[in-house]
2 protein chains.
Amino acid sequence: MATLKDVAALAKVHPSTVSRVLRSVENVPITEETRKRVIAAAKSLDYQPDQRARALRLGKSNTIGLIIPDISNPFFAEIAKSIEQESYDSGYTLVVCASNEDQEKEIDFVHNLISRGIDGLIIAPVQDSYEHLVDLKKRNYPFVLVDRCFDEFETNAVVSDNEAAAFEAMEYLKDLGHKRIGFLSGRSTIYTIRKRRQGYQKAVDLFGLDKDDALVSAGGFTFEEGYSETLKMLSLAHPPTALLIAGNRITFGALKAFVEKGLTIPDDISIIGFTDSIV
Amino acid sequence: MATLKDVAALAKVHPSTVSRVLRSVENVPITEETRKRVIAAAKSLDYQPDQRARALRLGKSNTIGLIIPDISNPFFAEIAKSIEQESYDSGYTLVVCASNEDQEKEIDFVHNLISRGIDGLIIAPVQDSYEHLVDLKKRNYPFVLVDRCFDEFETNAVVSDNEAAAFEAMEYLKDLGHKRIGFLSGRSTIYTIRKRRQGYQKAVDLFGLDKDDALVSAGGFTFEEGYSETLKMLSLAHPPTALLIAGNRITFGALKAFVEKGLTIPDDISIIGFTDSIV
DNA sequence: TTGAAAGCGGTACCAG
DNA sequence: CTGGTACCGCTTTCAA
């Protein structure tokens, strides 16, 4: 890698001059002569300024970090994609890290990214704990939460109204005539899941639907778990006639279970799933 | 952010001493006394070494970059996930960038990442051009290609045998009795696509299947394009009885077309798709 | 056993 | 208009 010095030597000027020419900002006047020489030298050496040195000096890196629980989940991948687009267009580089739903790793990433001098942080937290975030807030470090947040901990966050959405879905199913509706979801420590469940419960109470603990499952958010939990629910003495499913992979698991049981949608059973993939 | 100096001041020692204590490597002897004081000071200030300064000094960042064409494509998301795991376990941080199938952006990322001082680069190239990669090779910069590579340009690459896979799929369809098989894919500049197509052609020739340009489409790799291309192929005078599809989103598009046409699998039509999502 | 100083590659301020 | 210099935060000789 060519450095400022190399370019300076080739152009027979001082490094600081090269810096000025290349950034061209500042109202500093420069002879057309020198400018040409410098530019030529830089091009011939294919000079690229070292961003870490720059960042070190400037205290700004034009980089932001994104921590998501699972990059292979289409929902988060889509989030990552849009954020990436947006940052790129604004001249920022996005660093994507996947915590893999591992709280330790998330905390690790937070520290790691900060020590790399990123300008800001976007986190979809694992949500087993949040002290590290409290810490960030105390230090006034710029960060936002996406998709999931904490009721007990106030921060900047962009989340959707999962409770309302779940409630509306339930209302729709009720209007179809369903009285016995099951709820399938992942770990209930997760904000989105809790909210959806609240919407579910609210609807059950308000519409006088069947209230039964066996109809509520929070087994996990994988394909396999969705599959097995659905089977379990279908083999109840009084199985549900409809399902509200919070999680896209769970939904596919449920579909597999239906196929296996010979059930068809919407004749034998109705479902509404929270998912945003193209399928 | 607390710096070495801050810690040093608090512990009443020289910064260099703090550095030595904290890295604890080197066979440099240190009084237990001082060590204790330094550790305490560092902890109380929650000191995290500045990685960019460190990288600048050391000439090594323990970071590797990954450039993929599309993060929202499950195939690449899965690749990103495994690489991330692997790097994390080896103490490396992975920076993921999405070129969005945009050659310009890819080149941009390559330069950007290098100037950030990453130790190595993994690229699934867009494949419209490769001069920037030739450049990397000339400069002896450590990089590998994944999934896609160039026949005319030799590099380290990890790719699967797409040609053989396509051929085997065709053999399978032929054994089912199909004579007229269509091929649906994305842009044919892409390595994987080209190889699969070669496998397809080889099978058509070798097994004496129907050879018809109308049966081969390279429209694009999106859901919508898969949908419209399938419709187009189904409305031929002699439509295919089976389809080989290279691309997971195209496959879903094709499925949509089937549903719309009232065709069922495998009664009315057979398909084999290259895809790795759970669906 | 610890301190002082140089330098990684830039930027910014002050001189001239 | 351009050069010199200090410094960002850290590591690494070299001395003491």
Side-chain angles (χ1 to χ4, degrees), chain A residues 1-42 45-63 93 111-119, chain B residues 1-39 41-42 45-63 111-119:
Chain A
M1 281 301 292
T3 73
L4 261 193
K5 251 188 233 162
D6 301 331
V7 179
L10 187 59
K12 298 196 192 308
V13 292
H14 195 269
S16 59
T17 304
V18 178
S19 174
R20 279 187 290 251
V21 171
L22 261 26
R23 279 170 305 122
S24 70
V25 278
E26 310 184 57
N27 307 3
V28 186
I30 294 175
T31 330
E32 198 49 37
E33 214 316 74
T34 355
R35 147 170 282 114
K36 284 235 172 75
R37 271 216 321 282
V38 169
I39 305 238
L45 292 179
D46 193 23
Y47 169 73
Q48 303 278 134
D50 185 315
Q51 295 301 339
R52 52 199 173 173
R54 220 161 169 271
L56 187 58
R57 180 66 234 243
L58 295 181
K60 182 165 198 311
S61 63
N62 267 263
T63 309
T93 301
H111 290 141
N112 191 304
L113 286 172
I114 290 181
S115 72
R116 292 192 127 71
I118 55 164
D119 297 332
Chain B
M1 282 301 290
T3 72
L4 261 193
K5 249 188 232 162
D6 301 331
V7 179
L10 186 61
K12 296 192 193 309
V13 292
H14 195 269
S16 59
T17 306
V18 178
S19 173
R20 280 187 287 249
V21 171
L22 261 27
R23 278 170 307 120
S24 69
V25 279
E26 309 182 57
N27 307 4
V28 185
I30 295 174
T31 329
E32 198 48 38
E33 210 324 67
T34 0
R35 147 170 279 114
K36 284 234 172 74
R37 272 215 320 283
V38 168
I39 304 238
L45 292 178
D46 191 24
Y47 170 74
Q48 304 277 134
D50 185 315
Q51 295 300 340
R52 54 199 172 174
R54 211 153 179 279
L56 188 59
R57 181 66 230 244
L58 265 358
K60 181 166 197 310
S61 63
N62 267 265
T63 308
H111 290 141
N112 191 303
L113 287 172
I114 291 181
S115 71
R116 292 189 127 71
I118 55 165
D119 297 332

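In what follows, every chain begins at residue 1, and chains take the letters A, B, ... in the order their sequences are listed. If you're wondering where the values come from, they're calculated on a predicted model, not measured in any experiment. Just so it is clear, the values below take in all heavy atoms, side chains as well, and ignore hydrogens, waters and symmetry mates.
Atom NZ of K60(B) sits in a crowded spot, with more than 12 heavy atoms from other residues, nucleotides or ligands closer than 6.0 Å.
Atom NZ in K60(A) sits roughly 17 Å away from atom P in dG9(D) (whole-Å rounding). dG3(C) atom C1' lies 16 Å from atom NZ of K12(B), rounded to whole Å. Taking atom CZ of residue R20(A) and atom P of nucleotide dG10(C), one finds them 15 Å apart after rounding to whole Å. Atom C1' of nucleotide dG3(C) and atom CG of L4(B) are separated by 14 Å, given to the nearest angstrom. Between R54(B) atom CZ and dG9(C) atom P the separation is 17 Å, expressed in whole Å. As rounded to whole Å, 15 Å separates atom P of dC10(D) from atom CZ of R52(A). When rounded to the nearest whole Å, the span between CD1 of I30(A) and C1' of dA12(C) equals 14 Å. With rounding to whole Å, D6(A) atom CG is found 11 Å from dC8(C) atom P.
Closest approach to the R23(A) side chain among dT2(C), dA12(C), dC10(D) is made by dA12(C) (side chain taken as heavy atoms from C-beta onward). When distances run from any side-chain atom of T17(B) to the nucleotides dA12(C), dG3(C), dC8(C), the shortest one goes to dG3(C). Considering only the side chain of S16(A), dG4(D) comes nearest among dG4(D), dG9(C), dT12(D).
Of the two residues contacting DNA chain C, namely K5(A) and L58(A), the nearest-nucleotide position lying further toward the 5' end is that of K5(A). Sequence order on DNA chain C of the closest nucleotides to T31(B) and P15(A) puts T31(B) first from the 5' end.
Regarding contacts with the backbone of dA4(C), a side-chain N or O of H14(B) is found under 4.0 angstrom from either OP1 or OP2. For dC7(D), the OP1/OP2 oxygens have no side-chain nitrogen or oxygen of R57(A) closer than 4.0 Å.
Although no hydrogens or angles enter the test, the distance criterion places a donor-acceptor pair under 3.5 Å between the side chain of R37(A) and the main chain of A11(A). The backbone N or O of G117(A) lies less than 3.5 Å from a partner atom in the side chain of S61(A), making a donor-acceptor pair.
I30(B) is listed as a side-chain neighbour of R20(B), based on a closest heavy-atom distance under 4.5 Å.
Rounded to the nearest 0.5 Å, atoms CZ (R116(B)) and NE2 (H111(B)) are 14.0 Å apart.
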